[in-house]
Amino acid sequence: MTFTVAIDGPAAAGKGTISKAVAAHFGFAHLDTGLLYRAVGAKVLAGGDPVVAAKALTPADMEGDLRTPEVAQAASRVAVLPDVRAALVAFQRSFAVQDGGAVLDGRDIGTVICPEAQVKLFVTASADVRAERRFLELSEKGLSDTREQVLADVVARDKRDSERAEAPLKPAADAVIIDTSDLSIAEAVARAVQEIENRR
Ligand code: C5P
């Protein structure tokens, strides 16, 4: 049986944490689609061509540290290119319909990749809250960006992701919005689990 959960939203809203938790809860496979764009972004930072990189992506390209601010910005720059997005569609769609259920998180899962998903969640939070979370995450990893830099980065990335012509960041018409600004991780996960239970 296939069952697809699409989780979209802006940077650092809690999509990744919620996706991992609900995948573990229901025993579904999980794909963080941002990693695909980050892997392409990293190849471009290393001098590669974005479309060639997207067409040739392998699981090994998803290893290594792709969670840096530089790679995040490079990812959002390659993500505006229609040929890059097109090269990544088939893999995401086949992941979504595997037996046993799948959770995919990203920006365009509910709108473009899996418009037929049984559950669509749009996880968001205020820009300040998201920047603070990302700041704490990066500080723990020893990166020295200031709060202001992290906020500016998050805002720039959301703007590029929302304003691009191809598959912009936006909630699907039938998505359930979960604003995590004032929710603990446990509360946000519980909300997501409830929405999925309601549609099983
Ligand atoms: O989710 P994450 O922050 O890792 O995504 C990095 C970038 O990849 C995003 O800012 C966005 O530009 C792009 N992306 C996308 N579509 C997705 C997932 C990520 O355009 N489904």
Side-chain angles (χ1 to χ4, degrees), residues 4-23 29-45 50-51 53-54 57 61-96 102-115 117 120-125 127 129-138 141 143 145 149-172 175 178 180:
T4 308
V5 180
I7 305 188
D8 293 302
K15 297 185 302 293
T17 306
I18 293 174
S19 300
K20 280 194 205 88
V22 300
H30 170 222
L31 179 64
D32 170 357
T33 66
L35 280 182
L36 305 175
Y37 294 90
R38 285 175 185 258
V40 174
K43 295 246 174 184
V44 169
L45 289 177
V51 179
L57 217 56
D61 297 321
M62 257 71 83
E63 290 157 15
D65 193 11
L66 298 174
R67 300 202 176 281
T68 65
E70 293 72 29
V71 173
Q73 292 297 338
S76 101
R77 284 195 297 270
V78 301
V80 306
L81 303 172
D83 289 350
V84 164
R85 306 198 70 85
L88 302 175
V89 168
F91 172 69
Q92 295 175 83
R93 288 199 177 136
S94 61
F95 190 96
V103 181
L104 286 82
D105 72 285
R107 303 292 185 290
D108 63 339
I109 308 303
T111 51
V112 173
I113 301 296
C114 305
K120 297 179 190 174
L121 305 178
F122 191 87
V123 177
T124 188
V129 166
R130 293 186 292 110
E132 181 66 18
R133 288 181 190 156
R134 187 49 55 90
F135 172 73
L136 294 174
E137 207 177 289
L138 293 172
K141 287 171 62 178
L143 294 177
D145 289 32
Q149 277 168 328
V150 174
L151 178 61
D153 255 32
V154 162
V155 168
R157 198 142 66 90
D158 291 344
K159 184 170 158 57
R160 200 184 291 122
D161 290 348
S162 312
E163 292 181 355
R164 68 183 175 218
E166 189 84 8
L169 166 67
K170 65 169 182 204
I178 300 181
T180 67

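All values reported here derive from a predicted model rather than from experimental measurement. Start at 1 and go down the list; that is how both ligands and their atoms are numbered.
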> Less than 3.5 Å between some nitrogen or oxygen of Gln92 and one of ligand 1, yes or no?
Replying inline: no
>> List the residues meeting salt bridge (Lys or Arg N to Asp or Glu O under 4.0 Å) with Arg67, not counting sequence neighbours, and say none if there are none.
In response: Asp32
>> Regarding atom 10 (O) of ligand 1: of the candidates Leu81, Asp161, Leu104, Leu31, which has the closest heavy atom?
In response: Asp161
> For ligand 1, which atoms, with element, lie under 4.0 Å from some heavy atom of Gly106?
Replying inline: 17 (C), 18 (C), 21 (N)
> ligand 1 versus Ala11, non-hydrogen atoms closer than 4.0 Å: side chain, backbone, both, neither?
Replying inline: neither
> Among the heavy atoms of Arg164, does any lie under 4.0 Å from an atom of ligand 1?
Replying inline: yes
>> With respect to Arg157, determine whether any N or O atom, backbone or side chain, lies less than 3.5 Å from an N or O atom of ligand 1.
In response: yes
>> Using a 4.0 Å cutoff against the non-hydrogen atoms of Ala79, which atoms of ligand 1 qualify?
In response: 12 (O), 13 (C), 20 (O)
>> Using heavy-atom distances only, which candidate in Lys15, Arg107, Arg85, Arg67 approaches atom 2 (P) of ligand 1 most closely?
In response: Arg107
>> Using a 4.0 Å cut-off to any heavy atom of Ser76, which atoms of ligand 1 qualify?
In response: 10 (O), 12 (O)
> At a non-hydrogen distance cut-off of under 4.0 Å, which region of Arg38 contacts ligand 1 (side chain, backbone, both, or neither)?
Replying inline: side chain
> Which pairs with one or both residues in residues 10-23 pass side-chain hydrogen bond (donor to acceptor under 3.5 Å, both in side chains), sequence neighbours excluded?
Replying inline: none
> Does Asp108, backbone or side chain, put an N or O under 3.5 Å from an N or O of ligand 1?
Replying inline: yes
>> Against Leu104, only a single residue in Val5, Ile7, Thr4 fulfils side chain to side chain contact (heavy atoms under 4.5 Å, CB included); can you say which?
In response: Thr4
